[in-house]
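To start, the structure itself, in structure tokens.
Chain letters run A, B, ... following the sequence lines, proteins first and then strands; every chain starts at 1.
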2 protein chains.
Amino acid sequence: MRATVKDVAKLAGVSPKTVSNVINGVVFVRPETRARVEQALTELDYVPNMSARGLRNGRSGMIGLALPDLLRPYSAEITHLVVELAHERGWGVQIEQTASEPEREYELLSKARTNLVDGLILNPVNLDDSAVMSAGPLPAVVLIGDVDQDVVSQVLIDNVEAAKDMTRHLVEQGYRRIAAVGTPEIPSGSSGNGRIGGRTEAVGSAASRLRAAGYHEVLAEHGLPALDIALDRWSPQGAATVLSRFLRENEPPDALFCFTDSLAMGAVSVLWSAGLSIPGDCAVAGFDNIGESQFTVPPLTTVDFDRRAFVQAALDLLGERMADRTATPRRIVIPHRIVRRASTGY
Amino acid sequence: MRATVKDVAKLAGVSPKTVSNVINGVVFVRPETRARVEQALTELDYVPNMSARGLRNGRSGMIGLALPDLLRPYSAEITHLVVELAHERGWGVQIEQTASEPEREYELLSKARTNLVDGLILNPVNLDDSAVMSAGPLPAVVLIGDVDQDVVSQVLIDNVEAAKDMTRHLVEQGYRRIAAVGTPEIPSGSSGNGRIGGRTEAVGSAASRLRAAGYHEVLAEHGLPALDIALDRWSPQGAATVLSRFLRENEPPDALFCFTDSLAMGAVSVLWSAGLSIPGDCAVAGFDNIGESQFTVPPLTTVDFDRRAFVQAALDLLGERMADRTATPRRIVIPHRIVRRASTGY
DNA sequence: TTGAAAGCGCTACCAT
DNA sequence: ATGGTAGCGCTTTCAA
């Protein structure tokens, strides 16, 4: 059986309280007492029981991180940073995946309320049916991603602006027939123009909708036609599938604006298979500047932002909320920039 | 303040024990009693306190997952599967990163002993200085990766055989000057042949050493020269850096056997920049069959294994150990196979 | 500066 | 089938 504070106290000839004092090192303990306790601590190979401590203190020292799909390189980058930067603050990270079933978000929020985690960083797939919008007392939550709400704190990049910047870049490069890969899918059950009961029923992440909006806006400014290529799966494979179908039925566009670098990788692969050169026959742009995107052939023009600052901001906001649940929610917008590489003619 | 079992019991007019019975649904409760309790449960919006439950039961319902570097696509795939498959067993996943500092492994093992996690899946960087080899009682641990020990259970692929298979494939394809990217680095402080005090002092992961061994063995069988390109950083960037340097000083090899697909992506990019065609001027092979490797240009020949079976086996073994700490450690070897794609001439 | 005792919320045991 | 009670290991009053 593992040693408890009582055992240590007995061996050191002191009370449990003194042992606790030594461990937590907050109040002053006489050096010789401290020495005796520390001796006992190592002798018994004492490790504190976190469940007990958590029960007593009401805090677990862990935060939750919920991302739609852990498989995406983008998720890996976020996870990597959250784990690293949370560790610096002494927080452990519990990780979750939400895309498979939307009800997972509810599960998570309630898990946050079960004291298993002290706070939650949540990347909601879709705000409409996101659990944060439900009534009821929320645990400390920070949203990552560009969604329109003011219930909880959030950190984001300006997706509309970024998409506009990228679309402008493509227009400036001289491309005219510019297609977007990853625009929200219109559900097959709805009518042709995607409207049900007067409300647009688009399926897709918040980011996807905002990027599509920026793309449309700039094309409209220039009097250019929009060419939306919707996805059924948000992965290189998904992009490859719809793009191959598109190329079978249409002339290749001048340029493809893919709403993530992962999608762009699928697109690059399909263009290559079709014998089309990049950017000669068709340029390709991505979004996110994942680590891999500078190693594609050719390297990928993309939207970059300081991911470390992004995650650091999320943790700052979370710490704020954990300390004071009543603080007013804050929004932090992380700046973005276009990284020009060979895939769009640089 | 949040509702507790007591509050629920009072509202439902029953005892706390009955509430607990309803929640855990193990013993039979009279339907009308159950109904009253469930009514109270929802009315008070009851959520159990996991710290209390953990303290009482001695289990937290969480497992730890420790990987060297969460940034790697391979890590993302493992994480994705562990989270998904652990969820099916009702386990949460706490995630950690160990490569930065080796002492993290010790931290983790002791964390496992603090009841924060009930078990640990550990991918050790290097067994020599891995914490599992230290004396002392271990928590439930399963190693993933091919390391030579019999202290704890482990799941692995046969790295030597896989590397031999791939090297044979390259030889059969007619390549003769076959270089390996990712062989263990010889520390700069040591003498030229990498020996100090009669013992080889190679720096690198266990997998890297085993893959190098398989590669060397097959080349020797065929009387072909080995060409080791060591790495200072285990990333596409790292591979790109050393390979560019190599190409500046040497003729390009006939083929490159990169010890992971990530490294291969860096290599592909460098070959492309150098104006070399793949596989015409230089073939490239990878290892792991990460999702991205079928979308490189050209698609990558690589070593594949059933990752889901791999993770499932790790969880099986972990469950075994968690149930019975005294069970004899088991080893499960997951089969591998070569996936032939265009990068080696298919 | 240190000790004694209470209690965090839950479930197991022993009654009934 | 249900209730009462004790106790998991820790920390935090309150006293000494």
> Around atom CZ of Arg34(B), are there more than 12 heavy atoms of other residues, nucleotides or ligands at under 6.0 Å?
Replying inline: yes
Compare side-chain N and O positions of [X] against OP1 and OP2 of [N] and report whether any pair is under 4.0 Å apart.
X        : N       : result
Asn24(B) : dT11(C) : yes
Ser15(B) : dT2(D)  : no
Thr33(A) : dT2(C)  : yes
Ser20(B) : dT11(C) : yes
Thr18(A) : dG3(C)  : yes
Arg53(B) : dG9(C)  : no

> Hey, which of these two, Arg30(B) or Val5(A), hits DNA chain D nearer its 5' end, going by closest nucleotide?
Replying inline: Arg30(B)
> With nearest nucleotides of DNA chain D determined for Val14(B) and Leu55(B) from heavy-atom distances, which residue corresponds to the more 5′ nucleotide?
Replying inline: Val14(B)
Between [X] ([atom1]) and [N] ([atom2]), how many Å, whole number?
X         : N       : atom1 : atom2 : value
Asn49(A)  : dG7(D)  : CG    : C1'   : 13 Å
Lys10(B)  : dG3(D)  : NZ    : C1'   : 16 Å
Leu116(B) : dC10(D) : CG    : C1'   : 14 Å
Arg59(B)  : dC8(D)  : CZ    : C1'   : 14 Å
Leu41(B)  : dG9(C)  : CG    : C1'   : 14 Å
Lys17(B)  : dC13(C) : NZ    : P     : 9 Å
Arg34(A)  : dT1(C)  : CZ    : P     : 12 Å
Arg56(A)  : dT12(D) : CZ    : C1'   : 5 Å

>> Pair Arg209(A), Asp146(A) - check salt bridge (charged side-chain N to carboxylate O under 4.0 Å, His left out), show working.
In response: CA-CA 10 Å; Arg209(A) 281 187 294 223; Asp146(A) 190 353; over 6 Å; no
> Say you draw a straight line from CG of Leu65(A) to CD1 of Ile78(A); how long is it, rounded to the nearest 0.5 Å?
Replying inline: 8.0 Å
>> For the backbone of Ile63(A) and the side chain of Asp118(A), can you confirm whether one donor and one acceptor N or O come within less than 3.5 Å of each other?
In response: no
>> Between Ser60(A) and Gly54(A) (side chain of the first, backbone of the second, donor and acceptor by atom type, cut-off under 3.5 Å), is there such a pair?
In response: no
>> Checking contacts here: which listed nucleotide (dC10(C), dG9(C), dC10(D)) is nearest the side-chain heavy atoms of Tyr46(A)?
In response: dC10(D)
